[in-house]
Amino acid sequence: MTLSLFDQFSSPSFLGIPMILMALALPWLLIPTPTSRWLSNRVVSLQGWFIARFTNQLFLPLNVGGHKWAPLLASLMMFLLTLNMLGLMPYIFTPTTQLSLNLGLAVPLWLATVLIGMRNQPTHALGHFLPEGTPTTLIPILIIIETISLFIRPLALGVRLTANLTAGHLLIHLISSAVFVLMPMMPAVAILTAVLLLLLTMLEVAVAMIQAYVFILLLSLYLQENV
Amino acid sequence: MGLRLLIFACCYLKLMTFSFYIPANALKSKGPIGAGLVQASHSLHTSSKSLAPVPALPEKGGQVRHGIIPEELFQLLYPKTGVTGPYMLGTGLLCYLLSKEIYIINHETLSAASIGAVVIYAIKKFGPSVAAFADKLNEEKVLNAQAVKDVALVGLSQAIEEEKKEQWRAEGRSMLFDAKRNNVAMLLETNFRERIHMVTNEVKKRLDYQIAVQNLNRQMEQEHMVNWVEKSVVGSITPLQEKESIAKCISDLKALARAKASLAV
């Protein structure tokens with residue numbers, strides 16, 4: 001029983017073929033392609049509005065050099081949002097529960113921002129290691145702390161997403177198992193637990209959206225520091 | 001597991017569409033995922049056929065019953081099984097799956113129920129407003145374009161009015177030209193008269209000069225003659241005659257004085 005709780009997070013493979021590629025690629029089918037029409041149907045209009053609004057909002061604080069990242073971050077947002085939201089469905093595997101995937105997204109993008117900063121404006125990028133107004137005695141310690149903080153960032157990005165989604169799915173699994181087991185024995189308790197499950201599901205929907213947004217937001221912040 | 005097989009199968013089919021051209025109509029009928037396959041089969045532009053004018057979108061989207069079951073299924077089964085056919089099919093299928101333990105009720109069923117409840121609630125509550133918002137987006141686009149068109153129309157009708165005014169003005173041009181012609185004629189006339197006057201004055205001046213010259217000539221001749229006569233008269237008076245005339249004058253004067261003295265007494 002204990003083993004099967006984490007079975008849902010094992011990367012699926014069928015006859016030796018890793019299915020995670022399908023799980024990553026197939027949600028693309030659900031996103032409508034913008035047509036060459038001037039006026040299209042509701043889904044395409046809403047999608048266009050959402051992406052435009054989101055990108056505009058995200059890139060307001062960035063200077064023009066950072067706007068090159070707009071397609072990347074917008075599409076990454078759609079990707080993570082779709083993966084997270086689809087994963088809430090029953091029997092659907094959520095690729096973003098895999099640490100490998102999240103680190104694979106976080107480390108290159110974070111590293112890209114750091115390298116851009118070091119290449120284009122090394123002084124300014126290194127200046128982030130010492131916030132303004134620190135007392136002189138604290139400078140050595142603070143620089144070490146800031147360096148550690150810098151290198152923790154990709155780990156934090158990846159692990160945050162992984163942990164949130166894994167924890168959410170695990171909780172849903174546990175609580176629905178509890179309801180399932182309690183139903184024949186103590187229906188009243190089972191109903192209360194089912195209410196809890198409902199609330200948790202709503203939370204998980206929110207968390208799915210928020211975690212995707214936070215990932216992108218932090219990347220845009222790192223970009224803002226460095227570009 | 002079965003679902004993953006299905007996903008794998010449709011992915012395999014999707015991969016095939018990249019190498020062959022499959023018409024969209026054929027794909028649309030490929031079961032419940034046909035709509036997705038249509039998008040996947042955007043083929044290469046092998047001919048220069050233009051894509052415009054774009055065919056109109058259908059008035060409504062695909063009709064569904066109970067949110068996900070397409071109406072076409074009901075239409076398909078209606079001739080053979082009537083109105084309750086699809087429901088019987090659904091119920092029978094469900095019972096079959098459950099009794100043969102092809103689908104087992106476990107905790108995932110409950111989590112499916114809970115997420116289903118959340119999704120259905122969200123759609124029922126926010127569906128109409130989101131649809132209205134999407135419609136408003138499109139309407140705003142149309143209104144903006146319409147506003148541009150209206151402004152253009154107003155501008156053009158104003159241009160027409162102004163053009164008509166210009167045409168009316170052009171008709172009055174001949175009057176303007178007549179007036180101008182009159183002005184010019186008057187100017188010419190005035191100028192002509194001025195010059196005539198000038199000529200008259202000049203001629204009169206020349207003639208006056210001639211008269212003056214003649215007058216001067218005559219005057220000088222007259223003076224010269226008078227001087228010559230005086231000179232010859234004065235020259236002809238001999239000294240003897242002069243003494244005689246002076247003695248005569250003295251005797252006359254004496255006589256006059258005596259006459260006057262006698263009168264005075």
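Chain A is the first sequence line, chain B the second, and so forth, proteins listed ahead of strands; every chain is numbered from 1.
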Legend entry - Residue pair B:Leu137 / A:Trp49: nearest heavy atoms and the distance that separates them: CD1-CB, 3.5 Å

Inset, instruction - Measure distances from B:Val119 to the heavy atoms of chain A and classify the residue's part below 4.5 Å as side chain, backbone, both or neither. - result: neither

Inset, instruction - Could you tell me whether A:Phe9 atom CZ has more than 12 heavy atoms of other residues or ligands within 6.0 Å of it? - result: yes

Legend entry - Within 6.0 angstrom of A:Leu60 CG, more than 12 heavy atoms from elsewhere: yes

Legend entry - chain A contact via B:Ala131 - side chain, backbone, both or neither, heavy atoms under 4.5 Å: both

Legend entry - Residue pairs passing the salt bridge (charged side-chain N to carboxylate O under 4.0 Å, His left out) test where at least one lies in residues 208-225 of chain A, sequence neighbours excluded: A:Arg153-A:Glu225

Inset, instruction - Taking atom CH2 of A:Trp38 as the centre, report whether more than 12 heavy atoms of other residues, nucleotides or ligands fall under 6.0 Å from it. - result: yes

Inset, instruction - Using a cut-off of 6.0 Å, state whether more than 12 heavy atoms not belonging to B:His66 lie near its atom NE2. - result: yes

Inset, instruction - Could you list which of residues 64-82 of chain A have a heavy atom closer than 4.5 Å to any heavy atom of chain B, in residue-number order? - result: none

Legend entry - Most chain B-contacting option - heavy-atom pairs closer than 4.5 Å, from A:Leu200, A:Leu39, A:Val44, A:Ile175: A:Leu39

Inset, instruction - To the nearest 0.5 Å, tell me how far B:Ser114 OG sits from A:Glu204 CD. - result: 10.0 Å

Inset, instruction - Could you check whether the rings of B:Tyr103 and A:Tyr91 sit parallel, tilted or perpendicular, using 30° and 60° as the cut-offs? - result: perpendicular

Legend entry - More than 12 heavy atoms of other groups within 6.0 Å of A:Met185 CE: yes

Legend entry - B:Ala117 to A:Leu198 - nearest heavy-atom pair and separation: CB-CD1, 4.1 Å

Legend entry - Contact class of B:Ala132 relative to chain A, heavy atoms under 4.5 angstrom: neither

Inset, instruction - Only one of B:Asn106, B:Thr109, B:Ile115, B:Leu110 passes side-chain contact (heavy atoms from CB on, under 4.5 Å) with A:Pro90; say which it is. - result: B:Ile115

Legend entry - Exceeds 12 heavy-atom contacts within 6.0 angstrom, atom OH of B:Tyr87: yes

Legend entry - Closest non-hydrogen atom pair, A:Ser40 against B:Asn138: O-ND2, 2.8 Å

Legend entry - Interatomic distance, A:Ser176 atom OG to B:His107 atom NE2 [nearest 0.5 angstrom]: 5.0 Å

Inset, instruction - Return yes if some donor-acceptor pair links the side-chain N/O of A:Arg42 with the main-chain N/O of B:Phe133 below 3.5 Å, else return no. - result: no

Inset, instruction - Would you mind checking which part of A:Val43 comes under 4.5 Å of any heavy atom in chain B, side chain (CB onward), backbone (N, CA, C, O), both or neither? - result: neither

